[in-house]
Engineer: 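Quick one: this structure, given as structure tokens, is what I'll be asking you about.
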Amino acid sequence: MKIYNTLTKKKEDFIPLEPGKVKMYVCGPTVYNLIHIGNARPMIVFDTVRRYMEYKGLEVNYVSNFTDVDDKIIKKAVEEGVEASVISQRYIEECKKDMAALNVKPATMHPLATEEICGMLDMIGDLIEKGYAYAAEDGTVYFRTRSFKEYGKLSHKNLDDLQGGNRSLLVSGEHQKEDSLDFVLWKPKKDGEPYWESPWCNGRPGWHIECSVMSKKYLGEQIDIHAGGEDLVFPHHENEIAQSEAANGKEFAKYWMHNAFLNIDNKKMSKSLGNFFTVRDIAEKYDLQILRFFMLSAHYRSQLNFSAELMDAAKNGYERILTSVENLKYLLAESTVDVLTESEGEMLVEANSFVTKFEEAMEDDFNTADALSAIFELVKYTNTQADSKKSKEFLQELLNKIKVLADICGLVVEKQAEILDTDIEELIKQRQEARKERNFQRADEIRDELLAKGIVLEDTREGVKWKRA
RNA sequence: GGCGCGGUAGCCAAGUGGUAAGGCCCCGGUCUGCAACACCGUCAUCACCGGUUCAAAUCCGGUCCGCGCCUCCA
């Protein structure tokens, strides 16, 4: 299994610190609103990474936080006149609903920043003691960036460029820093803000320290994979490395994975451009499985563009897989042969080549676009070979293969048993009778009537099938 | 200014040395009362220029175009 490592800018063989086990930390969202579709990309991508690893028999300890203390949360709380925790709790619940709809597995652990303050105070104290951090007059604690010799190794920046290039960005209140590159570990509260007591001042943590602390607490001082959106490379992940490695004295994460951004109609998504979509917005128009399929149709490290046209194309592609699965289930019920024949055995060997292709794609830095193409080839093979004369065992094997591969991608391809309203059932029966009598006008009327109710009929060789539009 | 990424068919997207996967959309056909589904078939020489090589979309140099990050946006 190869993983592209931002740290080394190379694809590397994945070797877990502990054989058979994976410690993985994925930076989660700040919960001040419903999550947007950009937030969904890392969730889907890294959930797929996790699923593939589990498929390969690795035990994945997957930790993903919710940042529940932050300026934006406080701002929203002030606007609504409620406690910050009301806002964060609300959006954590909503986020979990969206994740479930996207078929993103819950993390092994979803820690909250506000519940890990003690650990943060410990780590900050430790950093001060070791000379990596200092408290300013007003109680703000800063990390002494230049004291960490390897600072910049992840984002491949050198400190002098950073300082020189950003001198103009120095803002007021920064004068108390020893160096403009220093970043905040702990900051004083302002009026009306939530705060915690600390040796330096009543205040709250900086953003970066929480991930260092939660990662350490739930996964240990050294982890296998740390992941997130590419915008987090600098400064967030760079700062995490500085904090963790300075405090723990050992390499923090072996592999750093970053997904590229999702654009909307070729522009960066932003509220001011009016092209901002929450996952909930998309759910009104599409089954979220289609969004997941769409996200996996490109490599996670390439920029992906979102548009209604592309979602419609994704819908059609995704349904091609569903149709094949439905057909297999139908044939399975029709088949009267139980045992696999020799020629069917040979066909399964051929079908297996698509499974191999799928795995090879995933082994190569999780090339989901290529992996999906392997599923399509398997689907094509299935559509060509499967018919009601084949044995149940053969059909079941094909069905299993498709389901297993789709499940690695987190795609649900089996519609849940839907219950027909009795009047719909009755209409379908009436239409069949009309067709028998070659009263096609009546048959079409009924079909249109059902279509108006969102029921699409298909007269296949195997009988009448229906689905919701 | 610094660092980095990308330009492959109408659209999306794999492929990083040996004569272009897959999906969507068109078009022709089979099946079908029709439609839908499915199947068969058709559809590109890989931004441009030059170089290396027996051989390049794939390596090197240049040009044009698009994009990202550079202190809290996934």
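Below, chains carry the letters A, B, ... as their sequence lines are ordered, and counting in each starts from 1. Quick caveat: nothing in here was measured; it's all calculated off a predicted structure.
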Engineer: Can you give one letter per nucleotide of nucleotides 6-18 of chain B, going 5' to 3': B for a protein heavy atom under 4.0 Å from the base, S for sugar-phosphate only, - for none?
Structural biologist: -----SSSSS---

Engineer: Taking N or O atoms only and anything under 3.5 Å, show me the protein contacts with nucleotides 25-27 of chain B, one pair per line.
Structural biologist:
{"unit_1": "B:C25", "atom_1": "OP1", "unit_2": "A:Asn316", "atom_2": "ND2", "d": "3.2"}

Engineer: Polar-atom pairs under 3.5 Å, protein N or O versus N or O of nucleotides 34-37 of chain B: list them with distances, or write none.
Structural biologist:
{"unit_1": "B:C34", "atom_1": "O2", "unit_2": "A:Arg447", "atom_2": "NH2", "d": "2.6"}
{"unit_1": "B:C34", "atom_1": "N3", "unit_2": "A:Arg447", "atom_2": "NH1", "d": "3.1"}
{"unit_1": "B:C34", "atom_1": "N4", "unit_2": "A:Asp459", "atom_2": "OD2", "d": "2.9"}
{"unit_1": "B:A35", "atom_1": "N6", "unit_2": "A:Asp459", "atom_2": "O", "d": "2.9"}
{"unit_1": "B:A35", "atom_1": "N1", "unit_2": "A:Asp459", "atom_2": "N", "d": "3.1"}
{"unit_1": "B:A35", "atom_1": "N3", "unit_2": "A:Arg447", "atom_2": "NH1", "d": "3.0"}
{"unit_1": "B:A36", "atom_1": "O2'", "unit_2": "A:Glu458", "atom_2": "OE2", "d": "3.2"}
{"unit_1": "B:A36", "atom_1": "N1", "unit_2": "A:Asp459", "atom_2": "O", "d": "3.1"}

Engineer: Can you name the ring pair (Phe, Tyr, Trp, His ring centres under 6.0 Å) partners of A:Tyr52, sequence neighbours left out?
Structural biologist: A:Tyr55

Engineer: Can you list the residues that meet the side-chain contact (heavy atoms from CB on, under 4.5 Å) rule with A:Glu334, with sequence neighbours excluded?
Structural biologist: A:Tyr330, A:Ser388

Engineer: Using the ring pair (Phe, Tyr, Trp, His ring centres under 6.0 Å) criterion, which residues pair with A:Tyr4? Sequence neighbours excluded.
Structural biologist: none

Engineer: For A:Lys403, which residues count as a salt bridge (Lys or Arg N to Asp or Glu O under 4.0 Å) partner, sequence neighbours excluded?
Structural biologist: A:Glu414

Engineer: Holding to ring pair (Phe, Tyr, Trp, His ring centres under 6.0 Å), I want the full list of residues that pass it with A:Tyr300, two or more places apart in sequence or in another chain.
Structural biologist: none

Engineer: Excluding sequence neighbours, so at least two apart, what forms ring pair (Phe, Tyr, Trp, His ring centres under 6.0 Å) with A:Phe143?
Structural biologist: A:Phe183

Engineer: For A:Asp68, which residues count as a salt bridge (Lys or Arg N to Asp or Glu O under 4.0 Å) partner, sequence neighbours excluded?
Structural biologist: none

Engineer: With sequence neighbours left out, write down each residue that passes side-chain hydrogen bond (donor to acceptor under 3.5 Å, both in side chains) with A:Gln289, or none if nothing qualifies.
Structural biologist: none

Engineer: Only counting residues at least two apart or in another chain, list the ones meeting side-chain contact (heavy atoms from CB on, under 4.5 Å) with A:Asn275.
Structural biologist: A:Ile264, A:Lys267, A:Met269, A:Ser270, A:Leu273

